[in-house]
Structure formats: structure tokens, C-alpha cells
Amino acid sequence: MDKHLMLQILVNLIANAKQAMTGVSNRRHQVTVRVDNARRDDTGADDEVRLRIRVEDNGVGIDAPNLPKLFRHGFTTRAHGHGFGLHSCALAAQGNGRHSHCA
């Protein structure tokens, strides 16, 4: 993957994590970036090892019904959001044979 594209994705994910914590006042804000190796399907059926990057925060969370919508163009939970950031991350990852996932 192009390093500039990867940087763009990381900056967007970290910015979203930071914004998710703006409504949290009862605990210290924390963003964690984890990098590890993972098999393509995590079952070992495919021997291709890939780099897995996770951006985690302790923000307000995402309502379960919104999880399938997160990477759709135009979907946002913010009053002034435009719904393009996570969508563009997903497109960039897919364009390079990768995928985006939220849990």
C-alpha cells in the first residue's frame, strides 16, 4: 500500500477517535494504535500474513444499529459531519486489496 495513502487513513481514523471522546468527561481520554500480523481470515486457512492496524478509543461508542453503516458514503453521527471520512478510508483500503472493519 502506498505510504501516503496509509498515512491518510491513519490520520482520519485517529481524528475520528479523538472526536469520539469529546463527549466523555468522566475518564481520561485514550487512543491506542495497535499493529500486528494476522492471517487473511484469522483462521489459518490462508497462509498469507498481513499487517493489521487497529485504532481504538474509549469514547462514547457506536450504537449497534449504526455499525453496518459506518463506512457508507454520507453516514455520520455528528451534527456537522459530512460522512465521507470513514467511507474514503474504506475505499482506499479496498482499492489496495484490503478491507475495513469496525467492532
Side-chain angles (χ1 to χ4, degrees):
M1 176 179 266
D2 175 68
K3 65 181 178 181
H4 295 96
L5 189 57
M6 186 70 235
L7 182 60
Q8 178 184 347
I9 292 170
L10 281 172
V11 166
N12 190 290
L13 293 175
I14 292 168
N16 277 9
K18 181 181 173 194
Q19 291 168 351
M21 294 182 293
T22 56
V24 174
S25 59
N26 62 343
R27 62 185 172 270
R28 185 174 156 257
H29 295 180
Q30 183 174 344
V31 175
T32 305
V33 178
R34 299 181 193 275
V35 180
D36 63 353
N37 291 326
R39 301 245 179 245
R40 175 179 260 177
D41 62 6
D42 284 335
T43 65
D46 184 340
D47 286 338
E48 183 179 354
V49 176
R50 293 180 176 220
L51 186 67
R52 176 173 38 202
I53 301 171
R54 302 180 208 187
V55 177
E56 304 167 355
D57 64 70
N58 67 343
V60 294
I62 302 164
D63 293 332
N66 289 337
L67 286 173
K69 304 174 193 175
L70 278 182
F71 299 105
R72 291 184 190 161
H73 182 262
F75 177 77
T76 184
T77 58
R78 293 192 300 248
H80 301 290
H82 53 73
F84 188 67
L86 290 178
H87 175 71
S88 64
C89 289
L91 288 177
Q94 290 168 1
N96 282 280
R98 311 302 188 256
H99 71 276
S100 303
H101 173 74
C102 183

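In this text, all values refer to a predicted model and were calculated from it rather than measured experimentally.
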Exercise. Sequence neighbours excluded, which residues qualify as side chain to side chain donor-acceptor pair (under 3.5 Å) partners of Arg72?
Worked result: none
Problem set entry | Residue pair Val24 / Asn58, side-chain heavy-atom distance below 4.5 Å | no
Problem set entry | Residues forming a side-chain contact (heavy atoms from CB on, under 4.5 Å) with Ile53, sequence neighbours excluded | Met6, Leu10, Val33, Val35, Leu51
For this session: Return the set of residues passing side-chain contact (heavy atoms from CB on, under 4.5 Å) with Ala20 (not counting sequence neighbours), or none when no residue passes.
Result: Asp57
Exercise. Which pairs with one or both residues in residues 76-88 pass side-chain hydrogen bond (donor to acceptor under 3.5 Å, both in side chains), sequence neighbours excluded?
Worked result: Gln19-Arg78
For this session: Report yes if the side chains of Ile14 and Val11 come closer than 4.5 Å at any heavy-atom pair, otherwise no.
Result: no
Exercise. Going hydrophobic residue to hydrophobic residue with side-chain gaps under 4.5 angstrom, can you get from Leu86 over to Ile62?
Worked result: yes
Exercise. CD1 of Ile9 to SG of Cys89: how many Å apart, nearest 0.5 Å?
Worked result: 5.5 Å
Problem set entry | Stepwise side chain to side chain contact (heavy atoms under 4.5 Å, CB included) test for Met21 and Val31 | CA-CA 9 Å; Met21 294 182 293; Val31 175; 3.2 Å; yes
Problem set entry | Close side-chain approach of Leu91 and Phe71, heavy atoms under 4.5 Å | no
Problem set entry | Where at least one partner belongs to residues 15-34, residue pairs that pass salt bridge (charged side-chain N to carboxylate O under 4.0 Å, His left out), sequence neighbours excluded | Arg34-Glu56
Exercise. Is there a donor-acceptor contact under 3.5 Å from the side chain of Asp2 to the main chain of Leu5?
Worked result: yes
Problem set entry | For Asp36, all residues meeting salt bridge (Lys or Arg N to Asp or Glu O under 4.0 Å), sequence neighbours excluded | Arg52, Arg54
